[in-house]
2 protein chains.
Amino acid sequence: MSERRKLTLKDIAKDLGISVSTASRALKAHPDIAQETIQMVKDYAAKHNYVPNIIAVNFRKSRTKNIGLIVPELVHHFFSTVISGSIDEAKKSGYNILVSQSNDFLADEIVACKTMMASSVDGLLISISNETYDGDHILEFIDEGKPVIQFDKILEKLPVPKVIVDDFEGGYSATKHLIDQGCKRIAHIAGRKDVLNACERMKGYKKALNDHQIPFKEEYIRYCESISEEEGEQFMEEFLALPNPPDAVFCITDLVALGVIKALKNKGISIPDQIAIVGFSNWKLAEIVSPSLTSIDQHGYQMGVVAVRMLIQKLEDKNFEIPDTLELKTRLVIRDSSVKVKA
Amino acid sequence: MSERRKLTLKDIAKDLGISVSTASRALKAHPDIAQETIQMVKDYAAKHNYVPNIIAVNFRKSRTKNIGLIVPELVHHFFSTVISGSIDEAKKSGYNILVSQSNDFLADEIVACKTMMASSVDGLLISISNETYDGDHILEFIDEGKPVIQFDKILEKLPVPKVIVDDFEGGYSATKHLIDQGCKRIAHIAGRKDVLNACERMKGYKKALNDHQIPFKEEYIRYCESISEEEGEQFMEEFLALPNPPDAVFCITDLVALGVIKALKNKGISIPDQIAIVGFSNWKLAEIVSPSLTSIDQHGYQMGVVAVRMLIQKLEDKNFEIPDTLELKTRLVIRDSSVKVKA
DNA sequence: TTTGTTGATGTATTCGTTTTCATGGATTCC
DNA sequence: GGAATCCATGAAAACGAATACATCAACAAA
């Protein structure tokens, strides 16, 4: 109904008897413009509720103020935390976040990249899929002069800055915590050997054992393929069948730990007294399961914030050099699944 | 490095010795243009990898192809499902989704609306906060000629189309399911009386009781304020203290059901044999808890898809009339927490 | 031949803002 | 008194695509 055409600079100029350029400059308090003129224009603009046409501005500046964000999965506690952080941080500088998901398929990831390119984002944040071993589709952004930052799941060989969690430290502190609880036979259900994050956690695990004179035993190791609850359950059953079963399990992720808990409950084995458990990622479910699950928090929100902040710095100042790798520390969140009552 | 300036229509026109307008029209196969010319231009464009400058196009058409999406909480299983659906659907038509969250505060919601307005979205999808009883900030979009659709949590009095879940039916089928299991004393932990969804579920609950000649008893009703696990636990304890405790509980949400389960486990009461439980929303946790939780699925993904589809239809065709209210049916997902073994 | 019609293309304007490059008056300097 | 220097402003040209309107040839109808 109120078909009021939007007020433009031209309207202001005409009404005030000045030129469009003066109006434009006055609004940004350009030093060339007289103080009174600036006041006059600003007052007029405020009174008539002038708001610059952002589409025109973006066109003029050839930018969109949109930042692309590609994650493997959107309906996922960790990633939605990251998204939440990036949106909040981007908003502060007037940027928007466009989210897309790869479903952990390379093909979808490539499509997502193309879509982002087509909607002409100013820059890209990406956490790669499990299938991504080559980053040509990502490098295209660089070719177009659009900065890119990788986060969490990264392709190490890509010459693109990275924001990651210190998985090594996380693996170390999870394992050390179990050692501190008096555990001697600590198993590890790991992720795929070709996924970087998983390897780092494994390294942390090994280092912690080593630092405390506990021998590493291959029989206490299993590798997940799909990082599922079912795998956790199955591997735990295998561990229980060993002549000398472990007294603790460090799991690559909370979901796997859930499977482990299920297997132990089925056998009537008490957690943590007989077997202590630590997960990784600190998902919502860690609070929810019983017993509640000790886990490693990855500061997803913070990761989103940091990644966006660096990208925007680069966007606003071409000369800004994004640090090559930024590692966030993890945090051990102790809950019931790992704390042995002191005898 | 490759500082290749982007190919524009002007370049094509010059190289081909035609005018810019002919080039433009040829690319969209305008009927005025000769077939050979169309072919020639298209071939050239394909060969030189011409991609129209979307920022210029959007400017010319005064649109952004961005759709705003405001939810109470982003890190939330149901809402991220909705987001996932809307993003996927929007992508099909070349639209982007800009997500923002209100944290269930009115003030944040207003800010989010302003941000959306400032980034000049073409339309808005919104699920209101718990504090929103007045929609002036939402009507502003209508004033600006930008279509709006409410979804899930809606303000009924707002003259703005709504996509909702049939909460009444959900409440009814949850209750009926418990009745079918042979339960006679069915309690309901409800939501706030001033929240529409909660009331509808309550109505469905009452109707189901009534249809099966079970008297409604106020003593079996509790109202949550914050819809928390703690409330579920506390109210369940209150129920247990009754002279004649319920043999089933229908909870406003899965999280509340979780609290109920916790309370029952503490008391050593068996689920579902002594007390059966049904939740609502079918969050991830429903599969995870033990016993797994019977719940009502709200088809979040589908809701996102539908809402976006209608908004886009309106955007592409001003004359399209969005139906005033679209109700999606719920689905009862039966799990262990409610199925009594037949004696 | 003249007029009308159609088909294919070109010209010019527009969208709203920013920015480069004048312009012209006032002041200062020699 | 003329040149140099400011200062404040305006005029105009971008940015890239879409489009209303103009042109002009070829051909058909009269």
Side-chain angles (χ1 to χ4, degrees), chain A residues 3-42 44-45 48-66 94 117-120 122 144-145 316, chain B residues 3-42 44-45 48-66 94 117-120 122 144-145 316:
Chain A
E3 205 44 78
R4 57 175 147 130
R5 213 176 47 70
K6 280 280 209 157
L7 194 67
T8 72
L9 277 185
K10 208 189 290 183
D11 301 325
I12 298 186
K14 185 151 39 148
D15 276 24
L16 253 36
I18 58 178
S19 74
V20 178
S21 43
T22 305
S24 169
R25 280 179 284 222
L27 283 174
K28 10 192 81 59
H30 191 286
D32 274 4
I33 305 297
Q35 269 309 317
E36 314 115 57
T37 314
I38 294 185
Q39 239 351 288
M40 175 179 73
V41 177
K42 283 196 170 172
Y44 185 98
H48 294 79
N49 195 25
Y50 166 75
V51 353
N53 181 326
I54 224 192
I55 316 182
V57 175
N58 286 345
F59 170 53
R60 185 67 231 275
K61 304 215 162 141
S62 58
R63 65 171 190 205
T64 54
K65 281 243 168 185
N66 288 167
M117 194 64 99
S119 33
S120 178
D122 294 342
E144 295 277 335
E316 315 258 281
Chain B
E3 205 44 81
R4 57 175 146 134
R5 214 179 47 71
K6 279 282 208 158
L7 195 67
T8 73
L9 275 186
K10 208 189 292 184
D11 300 325
I12 298 187
K14 186 151 39 148
D15 276 23
L16 252 37
I18 59 178
S19 74
V20 176
S21 48
T22 304
S24 168
R25 281 180 285 221
L27 283 173
K28 9 194 79 59
H30 191 285
D32 274 5
I33 305 297
Q35 268 310 317
E36 314 116 56
T37 313
I38 294 185
Q39 239 352 288
M40 175 180 72
V41 177
K42 283 196 171 173
Y44 185 97
H48 294 79
N49 195 26
Y50 166 75
V51 354
N53 180 326
I54 223 189
I55 317 183
V57 175
N58 286 346
F59 170 53
R60 183 70 227 278
K61 304 215 163 140
S62 59
R63 65 171 191 204
T64 54
K65 282 245 169 183
N66 287 167
M117 194 63 98
S119 33
S120 181
D122 295 342
E144 296 276 335
E316 314 259 281

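None of the values given here were measured: they were computed from a predicted structure. So you know, we letter chains A, B, ... as the sequences are listed, proteins then strands, and number each from 1.
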Among the nucleotides C:dG16, C:dG10, C:dT18, which one has an atom lying closest to any side-chain atom of A:T8?
C:dG16
Can you tell me which residue among B:S19, B:S24, B:S21, B:P52 is in a side chain to side chain contact (heavy atoms under 4.5 Å, CB included) with B:L9?
B:S24
Here the distance between atom C1' of D:dC7 and atom NE2 of A:H30, to the nearest Å, is 12 Å
If you check every side-chain atom of A:S19, which of D:dT19, D:dG10, C:dT18 has the closest atom?
D:dG10
Integer-rounded Å distance: C:dT18 C1' and A:L27 CG:
12 Å
Quick check: do B:L16 and B:V41 have side-chain heavy atoms less than 4.5 Å from each other?
yes
Student check: side-chain heavy atoms of A:V51 and A:K6 closer than 4.5 Å
yes
Check the phosphate of D:dA18 against B:K28, side-chain N and O only, distance under 4.0 Å to OP1 or OP2. Yes or no?
yes
What nucleic acid atoms does A:I18 come within less than 4.0 Å of, heavy atoms only: base, sugar-phosphate, or nothing?
sugar-phosphate
Residue pair B:D122 / B:T64, side-chain donor-acceptor N/O under 3.5 Å:
yes
Over how many whole Å does the gap from B:I55 atom CD1 to C:dG16 atom C1' extend?
15 Å
Could you tell me the separation between the NZ atom of B:K61 and the P atom of D:dG16, rounded to a whole number of Å?
17 Å
Think B:S24 has a side-chain N or O under 4.0 angstrom from the OP1 or OP2 of D:dA18?
yes
Under 4.0 Å: is that the gap between some side-chain N or O of B:Y50 and OP1 or OP2 of D:dG16?
no
Might you confirm whether atom CD of A:E316 has over 12 heavy atoms from other residues, nucleotides or ligands at distances under 6.0 Å?
yes
With heavy atoms under 4.0 Å as the rule, sort A:V20 into base, sugar-phosphate or nothing.
base
A:E36 CD to D:dA8 C1': how many Å, rounded?
10 Å
On DNA chain C, nearest-nucleotide positions of A:A56 versus B:T22: which is more 5'?
B:T22
Got A:N49 and A:L7 here, is their nearest side-chain heavy-atom distance under 4.5 Å?
no
Ignoring the backbone of B:R25, work out which of D:dC21, C:dC21, D:dG16 is nearest its side chain.
D:dC21
Face-to-face stacking of B:F59 with D:dC15, centres under 5.5 angstrom, angle under 30°:
no
Measure from NZ on B:K6 to P on D:dA14 and round the result to the nearest Å.
22 Å
Side-chain atoms of A:K10 come closest, of C:dC15, C:dT18, D:dA8, to C:dC15
Closest to the B:V57 side chain: C:dT18, D:dA11, D:dA18?
D:dA18
Where the side chain of B:S21 is concerned, which of C:dC15, D:dT9, C:dG10 is the nearest nucleotide?
C:dG10
Would you mind classifying the nucleic acid contact of B:D32 as base, sugar-phosphate or nothing, using non-hydrogen atoms under 4.0 angstrom?
base
Between CG of B:N53 and C1' of D:dA14 the distance, given in whole Å, is 14 Å
Over how many whole Å does the gap from A:N58 atom CG to C:dC15 atom P extend?
19 Å
